[in-house]
Every structure is written in structure tokens, then in C-alpha cells.
Enquirer: 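First the structure, which I've put down as C-alpha cells, then a few questions once you've had a look.
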Amino acid sequence: QVQLAESGGGSVQAGGSLRLSCAASGYTHSEFCMGWFRQALGKEREGVAYTYIGGGAPYYADSAKGRFTISQDNAKNTLYLQMYNLKPEDTAMYYCAADHGTSGRYCYQKFRETDFVYWGQGTQVTVSS
């Protein structure tokens, strides 16, 4: 059973930075998609970024490009989302998610559909102006 636990959320002022962490357990192979999603109050959940553990470049939604960086520490089974230059519109609950995947293309499709199988409980990010 794959389990995901996010941490690192908080309240910051616009222009500030945060690093989210996602501790993962229960998977032992590289054919995995892992990503970050967010859901603002009253809005649908949207993808932020994902990476395919088996290799390849990470993918970022337009809202994240140039400001957010997704990375992983395989030794610690931890996924990160480093966020810079935060804006009030980044305020949302941020979720770590994962899915079994055979390729980056598969991960991309699942990411676009926000259709990953495993989800964490979320961590709140609030950005004030």
C-alpha cells in the first residue's frame, strides 16, 4: 500500500518561498509517476508538476514554470516542491500524488486528467499580498 505524507506548507507573504515535502512509502520500483497538485477554495484540483521516477525531465504546468522546482531524493523516498516568488493566487491546498506508470507519456496523461491513484492528505499554502 502506497502512502504519501505532505509537510512544509504555511503562510508567507507574496514574493516568499516555501518547500513542500512528500514522504512516500510502499513502492519499491522505478515505474512510478509522482507529482504535486493543488486545489484552491471553490476551484477544481489542478496539476502543478510531476516527475517520472524511471527517468526523463519533469513537467510543469504553466503556472509553475520558472518559479517552482520538483525534485526527488530516492534514498529518502521523498518528493519535494520548491516554490519561489509565491503569489496570492498560489494559495491552495497542495497534494502529493502518485501512480504506477510505465513511461513519462503515461504520467503526462494521468497528470492532465488529475487521475493519479494515490493521494496524500494535503498541506495548506497561504500567500498574502
Side-chain angles (χ1 to χ4, degrees):
Q1 179 72 15
V2 175
Q3 294 184 322
L4 305 170
E6 304 96 334
S7 61
S11 297
V12 296
Q13 291 192 327
S17 302
L18 281 174
R19 188 178 79 158
L20 306 183
S21 299
C22 173
S25 62
Y27 74 96
T28 58
H29 54 82
S30 62
E31 292 186 335
F32 238 70
C33 318
M34 294 195 73
W36 291 94
F37 297 78
R38 67 185 184 186
Q39 187 167 19
L41 198 62
K43 295 187 177 181
E44 293 187 353
R45 190 172 295 184
E46 63 177 4
V48 177
Y50 78 85
T51 186
Y52 177 52
I53 304 302
Y59 177 86
Y60 297 92
D62 288 344
S63 60
K65 288 178 182 176
R67 299 188 301 124
F68 295 0
T69 301
I70 188 171
S71 62
Q72 64 203 65
D73 185 332
N74 291 335
K76 297 181 179 179
N77 282 352
T78 300
L79 184 74
Y80 301 100
L81 184 69
Q82 178 68 56
M83 304 185 292
Y84 297 101
N85 190 23
L86 283 161
K87 304 175 181 180
E89 51 264 42
D90 294 318
T91 295
M93 184 71 79
Y94 282 71
Y95 297 91
C96 174
D99 199 349
H100 303 278
T102 56
S103 68
R105 174 175 289 188
Y106 175 88
C107 296
Y108 174 75
Q109 186 63 35
K110 300 288 277 186
F111 177 81
R112 289 291 302 270
E113 298 171 352
T114 63
D115 191 28
F116 281 23
V117 172
Y118 306 104
W119 293 83
Q121 294 298 308
T123 185
Q124 178 68 36
V125 172
T126 303
V127 184
S128 58
S129 58

Enquirer: Distance from L79 atom CG to S71 atom OG, nearest 0.5 Å?
Expert: 7.0 Å
Enquirer: Show the nearest heavy-atom pair for residues P88 and S129, with the distance to one decimal.
Expert: CG-CB, 3.9 Å
Enquirer: Would you say that T91 contacts V125 through its side chain, given a criterion of any heavy-atom pair below 4.5 Å between the two side chains?
Expert: no
Enquirer: Between the main-chain N or O of N77 and the side-chain N or O of N74, is there a donor-acceptor pair closer than 3.5 Å?
Expert: no
Enquirer: Measuring from atom CZ of F68 to atom CG of L86, what distance do you get when rounded to the nearest 0.5 angstrom?
Expert: 5.5 Å
Enquirer: Do the side chain of Y50 and the main chain of K110 share a donor and acceptor less than 3.5 angstrom apart?
Expert: no
Enquirer: So do V127 and Q13 actually touch side chain to side chain, heavy atoms under 4.5 Å?
Expert: no
Enquirer: Kindly confirm or rule out a cation-pi arrangement of R45 over Y95, judged by NZ or CZ under 6.0 Å from the six-membered ring centre and within 45° of its axis?
Expert: yes
Enquirer: Pair S17, M83 - check side-chain contact (heavy atoms from CB on, under 4.5 Å), show working.
Expert: CA-CA 5 Å; S17 302; M83 304 185 292; over 6 Å; no
Enquirer: Does a salt bridge link D90 with K87, judged by any charged N lying under 4.0 Å from a carboxylate O?
Expert: no
Enquirer: Could you tell me how the ring of Y118 sits relative to the ring of H100: parallel (under 30°), tilted (30 to 60°) or perpendicular (over 60°)?
Expert: perpendicular
Enquirer: Using the rule that Ile, Leu, Val, Met, Phe, Trp and Tyr join whenever any side-chain heavy atoms are under 4.5 Å apart, tell me whether W36 and V2 fall into a single cluster.
Expert: yes
Enquirer: How about L18 and Y84: do any of their side-chain heavy atoms sit closer than 4.5 Å?
Expert: no
Enquirer: If two hydrophobic side chains count as joined below 4.5 Å and joins carry through other members, does W119 share a cluster with I70?
Expert: no
Enquirer: Is a donor on one side and an acceptor on the other found under 3.5 Å between the side chain of T78 and the backbone of K76?
Expert: yes
Enquirer: Examine the side chains of Y94 and R38 and answer whether a donor and an acceptor come within less than 3.5 Å of each other.
Expert: yes
Enquirer: Between M34 and I53, is any pair of side-chain heavy atoms under 4.5 Å apart?
Expert: yes
Enquirer: Distance from C22 atom SG to Q72 atom CD, nearest 0.5 Å?
Expert: 11.5 Å
Enquirer: Can you confirm whether Y106 sits close enough to C33 that some side-chain heavy atom of one is under 4.5 Å from a side-chain heavy atom of the other?
Expert: yes
Enquirer: Main chain of K43, side chain of Q39: is a donor-acceptor contact present, judged purely on distance under 3.5 Å?
Expert: yes
Enquirer: Looking at CD of E6 and CD of Q124, how far apart are the two atoms once the value is rounded to the nearest 0.5 Å?
Expert: 12.0 Å
Enquirer: With a 4.5 Å cut-off on side-chain heavy atoms, are D99 and F32 touching?
Expert: no
Enquirer: Can you tell me if E46 has over 12 outside heavy atoms packed within less than 6.0 Å of its CD?
Expert: yes
Enquirer: Measure centre to centre between the rings of F37 and F116, then say whether the value is under 6.0 Å.
Expert: yes
Enquirer: Going by heavy atoms in the side chains, are Q121 and L4 under 4.5 Å from each other?
Expert: no
Enquirer: For Y52 and C107, work out which heavy atoms get closest and say how close.
Expert: CD1-SG, 3.4 Å
Enquirer: Just wondering, do L20 and Y80 contact through their side chains at under 4.5 Å, heavy atoms?
Expert: no
Enquirer: Measure centre to centre between the rings of Y59 and Y108, then say whether the value is under 6.0 Å.
Expert: yes
Enquirer: Which distance, rounded to the nearest 0.5 Å, do you find between the OG of S21 and the CG of L81?
Expert: 9.5 Å
Enquirer: Closest approach of A92 and A40, non-hydrogen atoms and distance?
Expert: CB-N, 3.7 Å
